[in-house]
Number of protein chains: 2
Amino acid sequence: MTGIAHIVDDDAAIRDALAWLLRSRGVDSRAWNSAESFLVDYLPDMKGCLILDIRMTGMSGPELFDRLLALGCTMPTLFLTGHGDIPLAVNALKKGAFDFIEKPCNDNDLATRVIAALQLDCQQRSQAASTASIETRLRNLTSREHEVMERILAGQYNKVIAADLNIAMRTVEVHRARIFEKMNVRSAVELAQLLSSGQLP
Amino acid sequence: MTGIAHIVDDDAAIRDALAWLLRSRGVDSRAWNSAESFLVDYLPDMKGCLILDIRMTGMSGPELFDRLLALGCTMPTLFLTGHGDIPLAVNALKKGAFDFIEKPCNDNDLATRVIAALQLDCQQRSQAASTASIETRLRNLTSREHEVMERILAGQYNKVIAADLNIAMRTVEVHRARIFEKMNVRSAVELAQLLSSGQLP
DNA sequence: TCCGCCATTGTGGATATCCGCAAAACGCGG
DNA sequence: CCGCGTTTTGCGGATATCCACAATGGCGGA
């Protein structure tokens, strides 16, 4: 668990209480007093989770959430609110927010949910790294190699691929070996499994 | 879109109004006046979506939802409520409810959400049928065939599989051909793709 | 007992895959 | 201009996959 809790709340007492609570559970945190100040500091490689207040001077929590979604932020987001309503909660959750908690709330419950969000971030990052690695390897293939690979994955014989692309079978073999090398697999089966395992294009 | 909206509400006026609204949008429905009466009629192959009231005499909407989850019901569920609260809404959505709508609500909005739920049910059923078909085919394999298939999917040569299982290579070929036939694939690549494509064991 | 299914095996022949070694042509960037 | 990467091709040899045809033995159910 390597991420931290990013707290955005315009109430200093809440920020301090949250930071204290999470520290008592071994969770590091950092706090911002407004959505705008968080956005100034935001970086795509921030790890952990977000804890957003709903009502804030200036940009609101939900508005910040929308903005971060647009920026591709994947950190699990917990909304804390003393002034929420059901459509707001439902809307946030349907947009992918991790949780929506009314204040005042049970300290233990809150800490538990934050820890769950941090764990989810960890898992998501691990999966995203794996997907990115596959995508990098795919990007390293030449366009010819892509053409051959599509046909390998369609189960075509080298002879059929050669006829299809109007090249020699030996050339197909060369491309095939290069594809396996670049994709770091040893067989067409392994390649198929690699490319079927996630949400890849 | 072949499913219907299953309405469970103890208020006859609401049931009628909902049925009328949905009919005006081309959606068939059927209504029950209590959670218990719906449970008496419930069948696992019901198609469509569920519209549940929260507060009802006897078993409540959320209690019915829990019961149906336990029965393996996959129909997308929309909660309708005039008396909800945020934790209830959040809890339902986190358990997988499709939507949570406060009454009174916009007729158009409600109908749109119901139609979206019906579409989701349709997709889910299609995916479930595909998964079931694969599982049936897997079940038709003999245990020996399973052993060989695992090794094929691990990318092993027939010669290695034969040595591993202490049988002739010809036998591996026979099993291999039977596996492909039963799984309705033509190659190990296709088999790997078939078994990597969903949430299978 | 008979039959069907499963697991196993062999023979021989055909096709598919793999690869070292070698070579040539083209395009791009330093 | 030169080096490198890409694409292509051929040769020869080895290994892998596929399968028709044939056969045997064990097990379970009718």
Side-chain angles (χ1 to χ4, degrees), chain A residues 131-198 200-201, chain B residues 131-198 200-201:
Chain A
T131 302
S133 163
I134 295 169
E135 282 171 348
T136 297
R137 278 179 265 165
L138 282 171
R139 228 175 287 127
N140 281 337
L141 299 180
T142 66
S143 62
R144 197 56 154 173
E145 283 161 356
H146 266 286
E147 286 173 351
V148 172
M149 185 178 74
E150 280 168 13
R151 289 160 173 78
I152 291 171
L153 292 173
Q156 286 183 10
Y157 290 159
N158 288 349
K159 186 163 74 166
V160 175
I161 295 171
D164 205 19
L165 298 178
N166 212 33
I167 52 177
M169 218 161 51
R170 184 73 187 91
T171 306
V172 174
E173 290 169 5
V174 170
H175 287 314
R176 193 184 180 98
R178 289 289 284 166
I179 289 160
F180 288 179
E181 183 190 327
K182 287 182 176 179
M183 296 305 295
N184 197 28
V185 297
R186 281 160 305 179
S187 67
V189 167
E190 210 173 311
L191 181 65
Q193 287 165 334
L194 184 73
L195 296 183
S196 296
S197 63
L200 288 164
Chain B
T131 302
S133 164
I134 295 169
E135 282 170 348
T136 297
R137 280 179 263 164
L138 284 171
R139 229 175 288 125
N140 282 338
L141 298 180
T142 66
S143 63
R144 198 56 154 173
E145 283 161 358
H146 265 286
E147 287 173 350
V148 172
M149 186 179 73
E150 280 168 14
R151 289 159 173 78
I152 290 171
L153 292 174
Q156 286 183 7
Y157 292 159
N158 289 350
K159 186 163 75 167
V160 174
I161 295 171
D164 205 19
L165 298 178
N166 212 33
I167 52 178
M169 217 162 50
R170 184 72 188 90
T171 307
V172 174
E173 290 168 6
V174 170
H175 287 316
R176 193 183 179 96
R178 290 287 288 165
I179 290 161
F180 288 358
E181 182 190 327
K182 288 180 177 180
M183 297 305 295
N184 197 27
V185 298
R186 282 159 304 179
S187 67
V189 167
E190 210 175 311
L191 181 65
Q193 287 165 336
L194 183 72
L195 296 184
S196 296
S197 62
L200 288 164

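The structure presented is a predicted model; accordingly, all values stated were derived computationally and were not measured. Chain letters run A, B, ... following the sequence lines, proteins first, then strands; residues in each count from 1.
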Taking the side chain as every heavy atom from C-beta outward, state whether B:Leu138 and B:Leu195 have any atom pair closer than 4.5 Å.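 Heavy-atom side-chain distance check passes, below 4.5 Å.
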Answer yes or no: is there a side-chain heavy-atom contact under 4.5 Å between B:Gln193 and A:Val189?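 Result no, sub-4.5 Å side-chain heavy-atom pair not found.
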In whole angstrom, give the distance that lies between atom [atom1] of [X] and atom [atom2] of [N].
X        : N     : atom1 : atom2 : value
B:Ile161 : C:dA7 : CD1   : P     : 15 Å
B:Leu141 : C:dC6 : CG    : C1'   : 13 Å
B:Glu181 : C:dC5 : CD    : P     : 12 Å

Under-4.0 Å side-chain N/O to phosphate OP1/OP2 contact, B:Thr142 with C:dA7: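 True: B:Thr142 side-chain N/O within range (under 4.0 Å) of C:dA7 OP1/OP2.
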Return a single string for nucleotides 8-22 of chain D, one symbol per nucleotide in 5' to 3' order, where B is base contact, S is sugar-phosphate-only contact and - is none, cutoff 4.0 angstrom on heavy atoms. BBBB----SSBBBB-
Taking [X] for the side chain and [Y] for the main chain, is one N or O donor matched with an acceptor at less than 3.5 Å?
X        : Y        : answer
A:His175 : A:Met149 : no
B:Glu145 : B:Thr142 : yes
A:Thr171 : A:Ile167 : no

Rounded distance (nearest 0.5 Å) linking atom CG of A:Asn184 with atom CZ of A:Arg137: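 One finds 5.5 Å between CG of A:Asn184 and CZ of A:Arg137.
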How many angstroms lie between atom CZ of B:Arg139 and atom CD1 of B:Ile134, to the nearest 0.5 angstrom?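 Rounded to the nearest 0.5 Å, the CZ-CD1 separation comes out at 12.0 Å.
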Might you list the N or O atoms of the protein lying below 3.5 Å from N or O atoms in nucleotides 28-30 of chain C, with each pair's distance?
none

A:Arg144: which residues meet the salt bridge (charged side-chain N to carboxylate O under 4.0 Å, His left out) condition with it, sequence neighbours left out?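 Listed in chain order: A:Glu147.
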